[in-house]
*Asks:* 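To start, I am sharing the structure in question, which I have written as C-alpha coordinates.
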Protein chains: 2
Amino acid sequence: MQFSVGVEYSLHCLLYLVDVNERSVGIKDLAAYQGVSESYLSKFFAKLKKNGIVESVPGAKGGYRLARAPETITFWDVVEAVEGSEPFFKCTEIRQNEIILDRSNLPASHTKSPCLIHKVMDEAEAQMKHFLQSKTLKWLYDEVQNKVPSVHIQATKEWFERNL
Amino acid sequence: MQFSVGVEYSLHCLLYLVDVNERSVGIKDLAAYQGVSESYLSKFFAKLKKNGIVESVPGAKGGYRLARAPETITFWDVVEAVEGSEPFFKCTEIRQNEIILDRSNLPASHTKSPCLIHKVMDEAEAQMKHFLQSKTLKWLYDEVQNKVPSVHIQATKEWFERNL
DNA sequence: TTTATCGTGGATAATAATTATCCGCGATAC
DNA sequence: GTATCGCGGATAATTATTATCCACGATAAA
(Lines give C-alpha, C1' and ligand atoms only; values in the text may rest on other atoms or scores of the structure.)
Protein backbone atom coordinates (compact mmCIF):
# COMPACT_ATOMS: atom_id res chain seq x y z
CA MET A 1 0.00 0.00 0.00
CA GLN A 2 2.17 2.80 -1.30
CA PHE A 3 1.73 5.73 -3.60
CA SER A 4 3.98 5.58 -6.65
CA VAL A 5 6.83 8.06 -6.99
CA GLY A 6 4.80 9.68 -9.74
CA VAL A 7 2.72 11.44 -7.10
CA GLU A 8 5.82 13.02 -5.59
CA TYR A 9 7.31 13.89 -8.98
CA SER A 10 4.07 15.41 -10.22
CA LEU A 11 3.36 17.59 -7.21
CA HIS A 12 6.88 18.99 -7.18
CA CYS A 13 6.75 19.70 -10.91
CA LEU A 14 3.34 21.33 -10.79
CA LEU A 15 4.70 23.72 -8.19
CA TYR A 16 7.22 24.98 -10.72
CA LEU A 17 4.47 25.41 -13.30
CA VAL A 18 2.49 27.87 -11.19
CA ASP A 19 4.82 30.73 -12.03
CA VAL A 20 4.84 29.87 -15.71
CA ASN A 21 1.66 31.43 -16.94
CA GLU A 22 1.09 31.47 -20.68
CA ARG A 23 4.56 30.10 -21.34
CA SER A 24 5.49 26.47 -20.85
CA VAL A 25 8.26 24.36 -19.34
CA GLY A 26 9.70 21.29 -21.02
CA ILE A 27 10.04 17.86 -19.43
CA LYS A 28 13.76 18.14 -20.05
CA ASP A 29 14.06 21.17 -17.78
CA LEU A 30 11.74 19.76 -15.12
CA ALA A 31 13.73 16.53 -15.05
CA ALA A 32 17.11 18.23 -15.09
CA TYR A 33 16.19 20.68 -12.34
CA GLN A 34 15.16 17.88 -10.02
CA GLY A 35 17.66 15.27 -11.13
CA VAL A 36 15.09 12.68 -12.16
CA SER A 37 14.60 10.61 -15.29
CA GLU A 38 13.27 12.56 -18.23
CA SER A 39 11.55 9.71 -20.04
CA TYR A 40 9.94 8.40 -16.87
CA LEU A 41 8.69 11.82 -15.83
CA SER A 42 7.09 12.25 -19.24
CA LYS A 43 4.87 9.25 -18.55
CA PHE A 44 3.33 10.98 -15.57
CA PHE A 45 2.77 14.18 -17.51
CA ALA A 46 0.85 12.18 -20.08
CA LYS A 47 -1.49 11.16 -17.28
CA LEU A 48 -1.70 14.69 -15.90
CA LYS A 49 -2.65 15.89 -19.36
CA LYS A 50 -5.25 13.19 -19.90
CA ASN A 51 -6.84 14.27 -16.61
CA GLY A 52 -6.95 17.95 -17.55
CA ILE A 53 -4.41 19.10 -15.00
CA VAL A 54 -1.80 20.31 -17.47
CA GLU A 55 -1.88 21.11 -21.17
CA SER A 56 0.93 20.68 -23.64
CA VAL A 57 2.57 22.90 -26.22
CA PRO A 58 3.90 20.69 -29.02
CA GLY A 59 6.94 21.35 -31.14
CA ALA A 60 10.27 23.04 -30.48
CA LYS A 61 10.30 25.32 -27.43
CA GLY A 62 7.17 23.47 -26.35
CA GLY A 63 6.41 21.96 -22.98
CA TYR A 64 3.69 21.93 -20.38
CA ARG A 65 1.70 24.47 -18.41
CA LEU A 66 -1.22 24.24 -16.01
CA ALA A 67 -4.52 23.61 -17.75
CA ARG A 68 -6.46 25.49 -15.10
CA ALA A 69 -6.01 27.82 -12.15
CA PRO A 70 -3.91 26.40 -9.29
CA GLU A 71 -6.79 27.13 -6.90
CA THR A 72 -8.76 24.42 -8.69
CA ILE A 73 -6.04 21.77 -8.72
CA THR A 74 -6.08 19.65 -5.58
CA PHE A 75 -3.70 17.05 -4.21
CA TRP A 76 -6.43 14.48 -4.77
CA ASP A 77 -6.70 15.44 -8.44
CA VAL A 78 -3.03 14.67 -8.84
CA VAL A 79 -3.20 11.42 -6.88
CA GLU A 80 -6.15 10.27 -8.96
CA ALA A 81 -4.50 11.26 -12.23
CA VAL A 82 -1.29 9.42 -11.45
CA GLU A 83 -2.63 6.42 -9.54
CA GLY A 84 -5.87 5.93 -11.41
CA SER A 85 -9.31 5.96 -9.85
CA GLU A 86 -9.56 2.38 -8.68
CA PRO A 87 -10.60 2.30 -5.02
CA PHE A 88 -7.89 1.38 -2.52
CA PHE A 89 -9.90 -1.55 -1.28
CA LYS A 90 -11.25 -4.02 -3.79
CA CYS A 91 -13.89 -6.18 -2.20
CA THR A 92 -13.97 -9.64 -3.69
CA GLU A 93 -17.33 -10.35 -2.05
CA ILE A 94 -15.75 -13.13 -0.11
CA ARG A 95 -18.93 -13.38 1.97
CA GLN A 96 -20.81 -14.79 -1.02
CA ASN A 97 -18.46 -17.76 -0.92
CA GLU A 98 -19.52 -18.95 2.52
CA ILE A 99 -19.68 -22.71 2.36
CA ILE A 100 -23.12 -22.91 3.93
CA LEU A 101 -24.67 -20.76 1.21
CA ASP A 102 -26.47 -21.95 -1.89
CA ARG A 103 -24.53 -20.08 -4.56
CA SER A 104 -27.51 -20.12 -6.95
CA ASN A 105 -29.86 -18.66 -4.37
CA LEU A 106 -28.00 -16.15 -2.22
CA PRO A 107 -29.88 -14.48 0.66
CA ALA A 108 -30.72 -10.79 0.34
CA SER A 109 -28.45 -9.98 3.28
CA HIS A 110 -25.49 -11.08 1.13
CA THR A 111 -26.48 -9.39 -2.12
CA LYS A 112 -28.70 -6.41 -1.40
CA SER A 113 -27.03 -4.80 1.59
CA PRO A 114 -23.41 -3.81 1.02
CA CYS A 115 -20.50 -5.66 2.58
CA LEU A 116 -19.85 -3.69 5.78
CA ILE A 117 -16.10 -4.18 5.62
CA HIS A 118 -16.13 -2.86 2.07
CA LYS A 119 -18.20 0.10 3.16
CA VAL A 120 -15.85 0.99 6.02
CA MET A 121 -12.78 0.81 3.79
CA ASP A 122 -14.43 2.98 1.15
CA GLU A 123 -15.34 5.52 3.82
CA ALA A 124 -11.75 5.47 5.03
CA GLU A 125 -10.60 6.30 1.52
CA ALA A 126 -13.21 9.05 1.37
CA GLN A 127 -11.70 10.58 4.52
CA MET A 128 -8.32 10.79 2.84
CA LYS A 129 -9.88 12.03 -0.36
CA HIS A 130 -11.75 14.76 1.43
CA PHE A 131 -8.58 15.96 3.12
CA LEU A 132 -6.55 15.92 -0.07
CA GLN A 133 -9.30 17.75 -1.93
CA SER A 134 -8.97 20.56 0.59
CA LYS A 135 -5.32 21.12 -0.26
CA THR A 136 -4.88 22.99 -3.51
CA LEU A 137 -1.82 23.70 -5.60
CA LYS A 138 -2.37 27.38 -4.89
CA TRP A 139 -2.26 26.72 -1.16
CA LEU A 140 0.95 24.73 -1.53
CA TYR A 141 2.46 27.48 -3.65
CA ASP A 142 1.63 30.15 -1.08
CA GLU A 143 2.98 28.06 1.79
CA VAL A 144 6.25 27.49 -0.04
CA GLN A 145 6.42 31.18 -0.87
CA ASN A 146 6.29 31.89 2.86
CA LYS A 147 8.67 29.22 4.03
CA VAL A 148 11.42 29.17 1.45
CA PRO A 149 13.86 32.13 1.33
CA SER A 150 12.92 34.48 -1.49
CA VAL A 151 16.47 34.37 -2.81
CA HIS A 152 16.04 30.66 -3.52
CA ILE A 153 12.63 31.12 -5.08
CA GLN A 154 14.03 33.83 -7.29
CA ALA A 155 16.97 31.64 -8.31
CA THR A 156 14.61 28.81 -9.24
CA LYS A 157 12.48 31.13 -11.32
CA GLU A 158 15.53 32.45 -13.13
CA TRP A 159 16.83 28.97 -13.84
CA PHE A 160 13.60 28.01 -15.59
CA GLU A 161 13.57 31.29 -17.52
CA ARG A 162 17.25 31.18 -18.42
CA ASN A 163 16.69 30.10 -21.99
CA LEU A 164 13.29 31.34 -22.98
CA MET B 1 -2.22 2.05 -4.47
CA GLN B 2 -4.26 -0.88 -3.29
CA PHE B 3 -4.67 -2.81 -0.07
CA SER B 4 -3.71 -6.46 -0.37
CA VAL B 5 -6.41 -9.12 -0.21
CA GLY B 6 -4.97 -10.01 3.17
CA VAL B 7 -6.87 -7.11 4.70
CA GLU B 8 -10.15 -8.44 3.40
CA TYR B 9 -9.36 -12.03 4.38
CA SER B 10 -8.23 -11.03 7.86
CA LEU B 11 -11.20 -8.86 8.71
CA HIS B 12 -13.68 -11.49 7.60
CA CYS B 13 -11.85 -14.18 9.55
CA LEU B 14 -11.57 -12.13 12.72
CA LEU B 15 -15.33 -11.69 12.64
CA TYR B 16 -15.76 -15.44 12.96
CA LEU B 17 -13.31 -15.50 15.86
CA VAL B 18 -15.39 -13.16 18.03
CA ASP B 19 -17.82 -15.92 18.99
CA VAL B 20 -15.04 -18.36 19.70
CA ASN B 21 -13.97 -17.41 23.17
CA GLU B 22 -11.51 -19.67 24.96
CA ARG B 23 -11.65 -22.19 22.13
CA SER B 24 -9.90 -21.75 18.80
CA VAL B 25 -10.57 -22.12 15.08
CA GLY B 26 -8.12 -23.67 12.66
CA ILE B 27 -6.93 -22.10 9.44
CA LYS B 28 -8.31 -25.10 7.64
CA ASP B 29 -11.86 -24.30 8.76
CA LEU B 30 -11.53 -20.57 8.18
CA ALA B 31 -10.25 -21.20 4.66
CA ALA B 32 -12.81 -23.86 3.86
CA TYR B 33 -15.71 -21.78 5.15
CA GLN B 34 -14.78 -18.87 2.91
CA GLY B 35 -13.43 -20.82 -0.04
CA VAL B 36 -9.96 -19.29 0.04
CA SER B 37 -6.48 -20.77 0.00
CA GLU B 38 -5.47 -22.34 3.28
CA SER B 39 -1.72 -21.88 2.93
CA TYR B 40 -2.05 -18.29 1.81
CA LEU B 41 -4.44 -17.38 4.61
CA SER B 42 -1.99 -18.82 7.12
CA LYS B 43 0.57 -16.21 6.06
CA PHE B 44 -1.72 -13.42 7.13
CA PHE B 45 -2.47 -15.07 10.44
CA ALA B 46 1.25 -15.20 11.13
CA LYS B 47 1.24 -11.41 10.78
CA LEU B 48 -1.86 -10.99 12.91
CA LYS B 49 -0.20 -13.06 15.60
CA LYS B 50 3.06 -11.13 15.45
CA ASN B 51 1.05 -7.96 15.96
CA GLY B 52 -0.81 -9.29 18.98
CA ILE B 53 -4.23 -9.44 17.32
CA VAL B 54 -4.66 -13.20 17.53
CA GLU B 55 -2.96 -15.90 19.53
CA SER B 56 -2.38 -19.46 18.47
CA VAL B 57 -3.03 -22.85 20.01
CA PRO B 58 -0.43 -25.26 18.70
CA GLY B 59 -0.86 -28.96 18.12
CA ALA B 60 -3.80 -31.07 17.06
CA LYS B 61 -7.22 -29.42 17.49
CA GLY B 62 -5.29 -26.19 17.68
CA GLY B 63 -5.99 -22.97 15.84
CA TYR B 64 -6.37 -19.29 16.48
CA ARG B 65 -8.41 -17.07 18.75
CA LEU B 66 -8.46 -13.35 19.45
CA ALA B 67 -5.55 -12.21 21.61
CA ARG B 68 -7.59 -9.41 23.14
CA ALA B 69 -11.13 -8.08 23.42
CA PRO B 70 -12.79 -7.19 20.09
CA GLU B 71 -13.48 -3.71 21.48
CA THR B 72 -9.73 -3.09 21.40
CA ILE B 73 -9.09 -4.42 17.88
CA THR B 74 -9.55 -1.73 15.25
CA PHE B 75 -9.62 -1.87 11.46
CA TRP B 76 -6.38 0.10 11.49
CA ASP B 77 -4.71 -2.51 13.70
CA VAL B 78 -5.53 -5.12 11.09
CA VAL B 79 -4.43 -2.96 8.16
CA GLU B 80 -1.14 -2.20 9.86
CA ALA B 81 -0.56 -5.84 10.80
CA VAL B 82 -1.17 -7.07 7.28
CA GLU B 83 0.28 -4.21 5.25
CA GLY B 84 3.14 -3.26 7.53
CA SER B 85 3.67 0.16 9.03
CA GLU B 86 5.48 1.88 6.19
CA PRO B 87 3.79 5.20 5.43
CA PHE B 88 1.74 5.31 2.21
CA PHE B 89 3.85 8.15 0.87
CA LYS B 90 7.58 7.76 0.86
CA CYS B 91 9.25 11.10 0.33
CA THR B 92 12.52 10.78 -1.53
CA GLU B 93 13.47 14.35 -0.60
CA ILE B 94 13.50 15.22 -4.26
CA ARG B 95 13.80 18.90 -3.29
CA GLN B 96 17.35 18.33 -2.06
CA ASN B 97 18.28 17.40 -5.62
CA GLU B 98 17.48 20.80 -7.07
CA ILE B 99 20.17 21.54 -9.59
CA ILE B 100 20.86 25.02 -8.24
CA LEU B 101 21.71 23.69 -4.78
CA ASP B 102 25.14 22.95 -3.39
CA ARG B 103 24.62 19.35 -2.23
CA SER B 104 27.36 19.66 0.39
CA ASN B 105 25.86 22.79 1.88
CA LEU B 106 22.07 22.58 1.75
CA PRO B 107 20.04 25.56 2.99
CA ALA B 108 18.10 25.16 6.24
CA SER B 109 14.82 25.55 4.35
CA HIS B 110 15.57 22.26 2.61
CA THR B 111 16.80 20.27 5.60
CA LYS B 112 15.32 21.69 8.80
CA SER B 113 11.72 22.36 7.79
CA PRO B 114 9.80 19.33 6.53
CA CYS B 115 8.88 18.87 2.90
CA LEU B 116 5.35 20.27 2.73
CA ILE B 117 4.17 17.73 0.18
CA HIS B 118 5.42 14.98 2.44
CA LYS B 119 3.64 16.55 5.38
CA VAL B 120 0.33 16.82 3.56
CA MET B 121 0.46 13.22 2.41
CA ASP B 122 1.27 12.02 5.92
CA GLU B 123 -1.65 14.01 7.26
CA ALA B 124 -3.87 12.46 4.63
CA GLU B 125 -2.84 9.03 5.84
CA ALA B 126 -3.48 10.13 9.41
CA GLN B 127 -7.06 11.04 8.42
CA MET B 128 -7.63 7.54 7.16
CA LYS B 129 -5.89 6.06 10.17
CA HIS B 130 -8.01 8.05 12.58
CA PHE B 131 -11.19 6.87 10.90
CA LEU B 132 -10.12 3.23 10.84
CA GLN B 133 -9.06 3.41 14.47
CA SER B 134 -12.61 4.42 15.34
CA LYS B 135 -14.05 1.23 13.87
CA THR B 136 -13.53 -1.76 16.14
CA LEU B 137 -14.08 -5.43 15.58
CA LYS B 138 -16.74 -5.31 18.27
CA TRP B 139 -18.59 -2.61 16.36
CA LEU B 140 -18.42 -4.64 13.16
CA TYR B 141 -19.64 -7.72 14.99
CA ASP B 142 -22.62 -5.87 16.44
CA GLU B 143 -23.52 -4.34 13.09
CA VAL B 144 -23.45 -7.72 11.40
CA GLN B 145 -25.50 -9.16 14.24
CA ASN B 146 -28.18 -6.57 13.45
CA LYS B 147 -28.10 -6.81 9.66
CA VAL B 148 -27.70 -10.50 8.96
CA PRO B 149 -30.66 -12.81 9.66
CA SER B 150 -30.14 -14.66 12.94
CA VAL B 151 -30.79 -17.96 11.23
CA HIS B 152 -27.70 -17.45 9.09
CA ILE B 153 -25.59 -16.35 12.05
CA GLN B 154 -26.68 -19.42 13.94
CA ALA B 155 -25.86 -21.67 11.00
CA THR B 156 -22.39 -20.17 10.73
CA LYS B 157 -21.76 -20.65 14.42
CA GLU B 158 -22.88 -24.26 14.21
CA TRP B 159 -20.68 -24.95 11.21
CA PHE B 160 -17.59 -23.82 13.08
CA GLU B 161 -18.62 -25.83 16.15
CA ARG B 162 -19.61 -28.93 14.18
CA ASN B 163 -16.49 -30.90 15.05
CA LEU B 164 -15.22 -29.60 18.34
C1' DT C 1 13.08 24.52 -46.52
C1' DT C 2 15.98 22.48 -43.53
C1' DT C 3 17.22 21.43 -38.88
C1' DA C 4 16.95 20.88 -34.13
C1' DT C 5 13.64 20.51 -30.47
C1' DC C 6 9.85 18.73 -28.05
C1' DG C 7 5.51 16.13 -26.78
C1' DT C 8 3.27 11.34 -27.89
C1' DG C 9 2.56 6.67 -27.90
C1' DG C 10 4.26 2.11 -28.23
C1' DA C 11 7.47 -1.48 -27.27
C1' DT C 12 10.40 -3.37 -24.14
C1' DA C 13 12.63 -4.66 -19.96
C1' DA C 14 14.45 -4.62 -15.02
C1' DT C 15 12.98 -4.73 -10.48
C1' DA C 16 9.92 -5.29 -6.74
C1' DA C 17 5.48 -6.50 -4.62
C1' DT C 18 1.70 -9.43 -4.42
C1' DT C 19 -0.32 -13.76 -4.64
C1' DA C 20 0.23 -18.43 -3.98
C1' DT C 21 2.01 -23.29 -3.07
C1' DC C 22 4.70 -26.85 -0.77
C1' DC C 23 7.35 -29.09 2.68
C1' DG C 24 9.51 -30.34 7.01
C1' DC C 25 9.57 -29.24 11.95
C1' DG C 26 7.78 -29.34 16.52
C1' DA C 27 3.78 -29.30 19.52
C1' DT C 28 -0.41 -31.46 20.95
C1' DA C 29 -4.79 -34.33 21.32
C1' DC C 30 -6.49 -38.76 21.14
C1' DG D 1 2.23 -43.79 18.26
C1' DT D 2 -0.27 -41.29 14.97
C1' DA D 3 -2.91 -37.89 12.88
C1' DT D 4 -3.55 -32.96 13.23
C1' DC D 5 -2.18 -28.38 13.46
C1' DG D 6 0.62 -23.96 13.69
C1' DC D 7 5.24 -22.28 12.03
C1' DG D 8 8.86 -20.91 9.14
C1' DG D 9 11.45 -21.28 4.99
C1' DA D 10 11.95 -21.99 0.17
C1' DT D 11 10.08 -21.33 -4.07
C1' DA D 12 7.48 -19.67 -7.92
C1' DA D 13 3.68 -17.37 -10.79
C1' DT D 14 1.65 -13.20 -11.67
C1' DT D 15 1.16 -8.40 -11.64
C1' DA D 16 2.62 -3.59 -10.64
C1' DT D 17 6.12 -0.33 -10.52
C1' DT D 18 10.03 1.77 -12.31
C1' DA D 19 12.56 2.80 -16.20
C1' DT D 20 14.51 3.21 -21.04
C1' DC D 21 14.38 3.73 -26.02
C1' DC D 22 12.66 4.90 -30.41
C1' DA D 23 9.86 6.53 -34.26
C1' DC D 24 6.39 9.95 -35.21
C1' DG D 25 4.35 14.43 -35.91
C1' DA D 26 4.29 19.26 -34.63
C1' DT D 27 6.67 23.49 -34.23
C1' DA D 28 10.24 27.32 -33.85
C1' DA D 29 14.19 29.18 -35.57
C1' DA D 30 17.87 29.48 -38.84
Side-chain angles (χ1 to χ4, degrees), chain A residues 1-10 13 17 20 22-32 34-51 53-67 79 82-84 86 88-90 92 94 160 163-164, chain B residues 1-10 13 17 20 22-32 34-51 53-67 79 82-84 86 88-90 92 94 160 163-164:
Chain A
M1 179 70 168
Q2 296 244 130
F3 287 107
S4 82
V5 288
V7 174
E8 186 183 13
Y9 285 10
S10 298
C13 286
L17 293 188
V20 178
E22 61 268 36
R23 284 164 295 137
S24 70
V25 178
I27 289 289
K28 202 173 181 175
D29 279 354
L30 288 168
Q34 296 172 106
V36 301
S37 154
E38 196 181 317
S39 56
Y40 192 32
L41 184 59
S42 76
K43 297 302 172 188
F44 297 117
F45 266 84
K47 294 186 178 189
L48 294 173
K49 185 189 174 185
K50 194 182 293 182
N51 284 267
I53 292 171
V54 299
E55 58 189 20
S56 65
V57 179
K61 293 273 170 186
Y64 289 96
R65 62 181 162 227
L66 298 185
V79 167
V82 173
E83 299 275 325
E86 286 293 295
F88 296 169
F89 185 82
K90 58 175 160 181
T92 62
I94 204 182
F160 278 111
N163 46 12
L164 285 186
Chain B
M1 179 70 167
Q2 296 243 129
F3 288 106
S4 83
V5 288
V7 174
E8 187 183 13
Y9 285 11
S10 298
C13 285
L17 293 188
V20 177
E22 61 268 38
R23 284 164 295 138
S24 68
V25 177
I27 289 289
K28 202 173 181 176
D29 279 354
L30 286 168
Q34 297 173 104
V36 302
S37 153
E38 196 180 318
S39 57
Y40 192 32
L41 183 59
S42 75
K43 298 302 173 188
F44 297 118
F45 267 85
K47 295 185 177 188
L48 293 174
K49 184 190 174 182
K50 195 183 290 180
N51 283 267
I53 293 171
V54 299
E55 58 189 20
S56 66
V57 179
K61 293 274 171 183
Y64 289 96
R65 60 180 163 227
L66 298 184
V79 167
V82 172
E83 298 276 324
E86 286 293 296
F88 296 168
F89 185 82
K90 57 176 163 181
T92 63
I94 205 182
F160 278 111
N163 46 14
L164 286 185

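A, B, ... follow the sequence lines: proteins, then strands. Residue 1 opens every chain.
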*Asks:* Would you classify B:Gly62 as touching base, sugar-phosphate or nothing, given that sugar-phosphate means primed atoms plus P, OP1 and OP2, and contacts are heavy atoms under 4.0 Å?
*Replies:*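 Since only primed, P, OP1 and OP2 atoms lie under 4.0 Å of B:Gly62, the category is sugar-phosphate.
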*Asks:* Measure the distance from CG on B:Asp29 to C1' on D:dG6 and round it to the nearest whole Å.
*Replies:*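 Value for this atom pair: 14 Å.
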*Asks:* Where the side chain of A:Ser4 is concerned, which of C:dC22, C:dT19, D:dT18 is the nearest nucleotide?
*Replies:*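 The nucleotide sitting nearest to the side chain is D:dT18.
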*Asks:* What's the CG-P distance between A:Leu48 and C:dT8, to the nearest Å?
*Replies:*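 A:Leu48 atom CG is separated from C:dT8 atom P by 11 Å.
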*Asks:* Categorize A:Gly63 for me: base, sugar-phosphate, or nothing, with a 4.0 angstrom heavy-atom threshold over every strand shown.
*Replies:*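 Result for A:Gly63 = sugar-phosphate.
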*Asks:* Pick base, sugar-phosphate or nothing for A:Ser39, based on heavy-atom distances below 4.0 Å to the nucleic acid.
*Replies:*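 It contacts base atoms.
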*Asks:* Name the one of A:Val20, A:Leu17, A:Leu30 that satisfies side-chain contact (heavy atoms from CB on, under 4.5 Å) with A:Phe160?
*Replies:*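 Result: among A:Val20, A:Leu17, A:Leu30, A:Leu30 is the only option passing the side-chain contact (heavy atoms from CB on, under 4.5 Å) with A:Phe160.
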*Asks:* Would you kindly give the OH-to-C1' distance between B:Tyr64 and D:dT4, to the nearest whole Å?
*Replies:*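 Rounding to the nearest Å, OH of B:Tyr64 and C1' of D:dT4 are 14 Å apart.
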*Asks:* Expressed as a whole number of angstroms, how long is the span from A:Glu38:CD to C:dT5:C1'?
*Replies:*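 Taking atom C1' of C:dT5 as the reference, CD of A:Glu38 is at 11 Å.
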*Asks:* With the side chain counted from C-beta on, respond yes when A:Lys49 and A:Glu55 share a heavy-atom pair under 4.5 Å apart, and no when they do not.
*Replies:*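 The answer is no, as the side chains (C-beta and beyond) never meet within the 4.5 Å cut-off.
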*Asks:* Which residue, A:Tyr40 or B:Phe45, contacts DNA chain D at a nucleotide closer to its 5' end, judged by nearest heavy atom?
*Replies:*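 Its nearest nucleotide being more 5', the pick is B:Phe45.
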*Asks:* Does B:Lys28 reach a base, just sugar-phosphate, or nothing at all? Heavy atoms under 4.0 Å.
*Replies:*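 Sugar-phosphate: the residue B:Lys28, judged by heavy atoms under 4.0 Å, touches backbone atoms but no base.
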*Asks:* Which is more 5' along DNA chain C, the nucleotide nearest A:Lys49 or the one nearest A:Met1? Just name the residue.
*Replies:*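 Mapping each residue to its closest nucleotide by heavy atoms, the 5'-most match is A:Lys49.
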*Asks:* Whole angstroms only, please: what is the CD-P distance between A:Gln2 and C:dT18?
*Replies:*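 About 8 Å, once rounded to whole Å.
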*Asks:* Measure across A:Ser42 and A:Ile27 and return the closest heavy-atom pair with its distance rounded to 0.1 Å.
*Replies:*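 Minimum heavy-atom separation between A:Ser42 and A:Ile27: CA-CD1, 3.9 Å.
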*Asks:* For A:Lys47 and C:dG9, give me the distance from atom NZ to atom P, rounded to whole Å.
*Replies:*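 Those two atoms, NZ and P, are 13 Å apart.
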*Asks:* What is the distance, rounded to the nearest whole Å, between atom CD1 of B:Ile94 and atom P of D:dT18?
*Replies:*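 Rounded to the whole Å, the gap is 12 Å.
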*Asks:* Any side-chain N or O of B:Ser56 less than 4.0 Å from the OP1 or OP2 oxygen of D:dC5?
*Replies:*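 For D:dC5, OP1/OP2 do not have a side-chain N/O of B:Ser56 under 4.0 Å.
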*Asks:* Would you say a side-chain N or O of B:Ser37 is under 4.0 Å from OP1 or OP2 of C:dT21?
*Replies:*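 Result: yes.
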*Asks:* Would the base of C:dG7 count as contacting A:Lys61 through its side chain, where contact means a donor and an acceptor less than 3.5 Å apart?
*Replies:*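 Absent.
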*Asks:* Between B:Gly26 and A:Leu41, name the one whose nearest nucleotide on DNA chain D is closer to the 5' end.
*Replies:*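 Taking each residue's closest nucleotide, the earlier one in sequence belongs to B:Gly26.
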*Asks:* With respect to the side chain of A:Ala60, which nucleotide from D:dA19, D:dT27, C:dA20 is positioned closest?
*Replies:*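 My answer, after comparing the listed nucleotides, is D:dT27.
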*Asks:* Taking the side chain as C-beta and beyond, is there a heavy-atom pair between A:Phe44 and A:Cys13 under 4.5 Å?
*Replies:*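 The answer is no; the side chains never approach within 4.5 Å.
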*Asks:* Output the rounded distance in Å from CD1 (A:Ile27) to P (C:dT5).
*Replies:*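 A:Ile27 atom CD1 is separated from C:dT5 atom P by 17 Å.
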*Asks:* Within the side chain of B:Glu83, is there an N or O that forms a donor-acceptor pair under 3.5 Å with the backbone of B:Ser4?
*Replies:*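 A pair under 3.5 Å: yes.
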